[in-house]
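Inspection log for the structure reproduced underneath, given as structure tokens.
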Amino acid sequence: MHSLRLLWAAHNENTWQRRQRRSTLRKDMETIEEMPELLFMQHFRLNKATYRKLCDDLRYRARLKGSAEISLEIKVLCALSFLATGSYQKIVGIGHHLTQRTTSRCIREVVNALNHKWMVSRWIVFPQTPQERSFIKEKYLRKHNLPGVIGCIDCTHIAIVRPNEEEHIFFNRKGYHSLNVQMVCDYDLKIINVNSKFGGATHDSHIWSTSQVGTYMQELHGNGEQVWLLGDSGYPQRPWLMTPILNAEPGSQEEEYTRRHVQARSRIERCFGLLKARWRCLLRHRVLHYHPDMASKITNACCVLHNIAVAARIPPPSDMPVNGLEDNEDHSMQQSTTDGNELIRGRAIRNVLVRRM
């Protein structure tokens with residue numbers, strides 16, 4: 001009995017020493033801002049000023065809290081490092097001082113805070129006023145000579161581990177499980193709308209048909225505002241959604257329209273490329289080992305952080321591929337014909353654009 005008590009006491013002593021050592025190392029991490037600015041951005045994708053502002057917003061707006069053992073700042077750095085690398089084994093300079101369970105909890109808390117209503121409504125905002133929309137239209141017109149464009153729309157797949165329930169909904173045509181995430185970006189690659197609730201088996205056109213942004217665009221058109229989004233041939237032609245003209249005759253106005261359309265719409269591909277290069281947990285080969293609901297929240301959190309980085313004018317990561325995306329997202333054509341009148345009116349408006357070429 002005496003031997004067992006000695007063993008138990010020794011075990012408790014070792015446990016206490018490990019906790020004390022981790023606590024000391026975590027406190028040392030609070031001096032991480034002594035790290036050179038470029039190295040800090042390489043590890044955490046934000047500069048120090050933006051990181052401090054993010055911590056304040058998460059503390060006072062999203063109600064994220066630290067604890068006596070782990071400060072809020074360390075939690076945020078832990079989550080940023082995971083989102084930037086997509087690997088629990090590479091929690092740069094932090095994960096070595098947190099247990100796997102603690103690391104997972106920190107990531108979940110910060111991701112949930114980034115999904116807080118205030119954070120999302122602050123950073124992912126569709127242009128609400130005619131003045132805001134005119135500002136975006138002017139940029140597209142000046143660069144691509146296409147009038148009325150306020151954004152580009154497309155979907156991208158975010159790989160996830162095979163879910164236990166309704167697995168078929170998430171198995172995409174490329175042969176892996178994913179979320180099919182619809183995004184709209186403006187000229188400056190800022191994400192102005194994101195819908196991450198659908199599985200990889202869902203077609204782009206179906207996500208669009210249930211999207212609130214589609215309804216909003218229709219309302220703008222109904223109010224007489226000539227604005228539209230640019231989408232690829234996987235989307236239905238509508239008065240508020242312009243698609244390319246397939247197999248246009250060489251040298252024709254239709255070909256010129258499609259050329260400008262493709263050039264302008266490439267901004268959404270650049271947006272995807274920058275998003276995934278900065279927050280590498282979203283890359284195809286990383287695979288999010290989470291339930292689809294949590295994977296959706298992680299995607300939304302990365303979109304919020306993407307816009308924060310764009311607003312702060314933080315340069316792209318130095319290791320970003322030249323062509324942006326690691327995997328071109330080709331989409332099969334699937335035009336919806338559920339409303340013939342909308343299709344006809346959409347083509348009529350597109351023809352007006354074509355005649356301007």
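We count residues from 1, following the sequence as given. Given the structure is predicted, the values throughout are model-derived calculations rather than measurements.
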Margin query: Between D57 and K53, does any NZ, NE, NH1 or NH2 come within less than 4.0 Å of an OD or OE carboxylate oxygen?
Written below: yes
Checklist line | Cluster check L246, V262: I/L/V/M/F/W/Y, side chain < 4.5 angstrom | finding: no
Margin query: Keeping H306 on the side-chain end and L189 on the backbone end, is there a donor-acceptor pair under 3.5 Å?
Written below: yes
Note to self: Testing the 3.5 Å rule here: is there a donor-acceptor pair between the side chains of K75 and S67?
What the structure shows: no
Margin query: Are S296 and L179 packed together at the side-chain level, in the sense that at least one heavy-atom pair is separated by less than 4.5 angstrom?
Written below: yes
Notebook entry, point to check: With the threshold set at 4.0 Å, does a side-chain nitrogen-carboxylate oxygen contact exist between K197 and D293?
Noted result: no
Check: Any luck finding a side-chain donor-acceptor pair between T85 and R286 under 3.5 Å?
Finding: no
Note to self: Could you check whether R162 makes a cation-pi contact with F170, meaning its NZ or CZ is under 6.0 Å from the centre of the six-membered ring and within 45° of the ring axis?
What the structure shows: no
Next item on the list: Find out whether R267 and D188 are in side-chain contact, i.e. whether some heavy atom of one side chain is under 4.5 Å from a heavy atom of the other.
Entry: no
Notebook entry, point to check: Given the rule that I, L, V, M, F, W and Y join up when any side-chain heavy atoms are under 4.5 Å apart, are I160 and F171 in one cluster?
Noted result: no
Checklist line | Shortest non-hydrogen contact between M242 and G346, atoms and distance | finding: CE-O, 4.2 Å
Notebook entry, point to check: Within a strict 4.5 Å, meaning less than it, do heavy atoms of the H221 and E342 side chains meet?
Noted result: no
Checklist line | Polar side-chain atom of W228 near backbone of I349 as donor-acceptor pair, under 3.5 Å | finding: no
Item checked: K137 and E132 ion-paired at < 4.0 Å -> no
Check: Taking the side chain as C-beta and beyond, is there a heavy-atom pair between L282 and L275 under 4.5 Å?
Finding: yes
Margin query: When you group the ILVMFWY residues by side-chain heavy-atom contacts below 4.5 Å and let the links chain together, are L114 and I124 in the same group?
Written below: yes
Check: Taking all non-hydrogen atoms of both residues, which atom of H203 and which atom of G234 are closest, and how far apart?
Finding: CE1-O, 3.5 Å
Check: What's the shortest heavy-atom distance between N180 and T202, and which atoms?
Finding: ND2-O, 2.8 Å
Item checked: Working for side chain to side chain contact (heavy atoms under 4.5 Å, CB included), residues R105 and E109 -> CA-CA 6 Å; R105 187 176 72 248; E109 288 180 6; 3.5 Å; yes
Checklist line | Residue pair R61, R122: steps toward the side chain to side chain contact (heavy atoms under 4.5 Å, CB included) verdict | finding: CA-CA 11 Å; R61 301 291 187 173; R122 167 69 178 84; over 6 Å; no
Next item on the list: Please report the shortest heavy-atom distance between C78 and T103, naming the atom on each side.
Entry: SG-CG2, 3.7 Å
Checklist line | S196 side chain to T299 side chain, donor-acceptor N/O pair below 3.5 angstrom | finding: no
Notebook entry, point to check: Short question: side chain of Q237, backbone of T243 - any donor-acceptor pair under 3.5 Å?
Noted result: yes
Notebook entry, point to check: Side-chain contact, heavy-atom cut-off 4.5 Å: F198 with I169?
Noted result: no
Margin query: Counting only heavy atoms from other residues, nucleotides and ligands, does the tally under 6.0 Å from OH of Y216 exceed 12?
Written below: yes
Note to self: For the CD1 atom of I191 and the CG atom of N307, what is their distance to the nearest 0.5 Å?
What the structure shows: 5.5 Å
Next item on the list: Indicate the atoms forming the closest heavy-atom contact of A113 with M119, along with that distance.
Entry: O-CG, 3.5 Å
Next item on the list: Rounded to the nearest 0.5 Å, what's the gap from CD1 on I158 to SG on C281? Could you check?
Entry: 8.0 Å
Check: Tell me, do N115 and N112 make a side-chain contact under 4.5 Å, heavy atoms counted?
Finding: no
Item checked: Neighbour count above 12 (heavy atom, 6.0 Å) for E166 CD -> no
Notebook entry, point to check: What's the verdict on salt bridge (charged side-chain N to carboxylate O under 4.0 Å, His left out) for R59 and E73, showing C-alpha distance, side-chain angles and the deciding distance?
Noted result: CA-CA 10 Å; R59 176 181 286 110; E73 288 75 13; 2.7 Å; yes
Notebook entry, point to check: Do V213 and I207 sit in the same hydrophobic cluster, where Ile, Leu, Val, Met, Phe, Trp and Tyr count as joined when their side-chain heavy atoms come under 4.5 Å apart?
Noted result: no
Next item on the list: Applying side chain to side chain contact (heavy atoms under 4.5 Å, CB included), run through M41 and L38 and close with a yes or a no.
Entry: CA-CA 5 Å; M41 287 195 292; L38 289 178; 3.7 Å; yes
Next item on the list: Could you tell me whether the side chain of S121 and the main chain of K117 form a donor-acceptor pair under 3.5 Å?
Entry: yes
Next item on the list: Tell me, with the steps shown, if L46 and L54 meet side chain to side chain contact (heavy atoms under 4.5 Å, CB included).
Entry: CA-CA 10 Å; L46 302 177; L54 174 63; 3.8 Å; yes
Item checked: Charged N-O contact under 4.0 Å between D154 and R265 -> yes
Note to self: When you compare the side chain of Q182 with that of D204, does any pair of heavy atoms fall below 4.5 Å?
What the structure shows: no
Check: CH2/W208 to CZ/R238 distance, rounded to the nearest 0.5 angstrom?
Finding: 9.5 Å
Next item on the list: Compare every heavy atom of L241 with every heavy atom of G231, then report the nearest pair and how far apart it is.
Entry: N-CD1, 3.8 Å
Check: Should the heavy atoms of other residues, nucleotides or ligands under 6.0 Å from NZ of K139 be counted, would the total exceed 12?
Finding: yes
Item checked: F272 reachable from V287 in the ILVMFWY side-chain graph, under 4.5 Å edges -> no
Note to self: Within a 6.0 Å radius of atom CZ on R259, are there more than 12 heavy atoms belonging to other residues, nucleotides or ligands?
What the structure shows: yes
Checklist line | Heavy-atom check, side chain of I150 versus side chain of F126, under 4.5 Å | finding: yes
Checklist line | R260/E256 ion pair, N-O < 4.0 Å | finding: yes
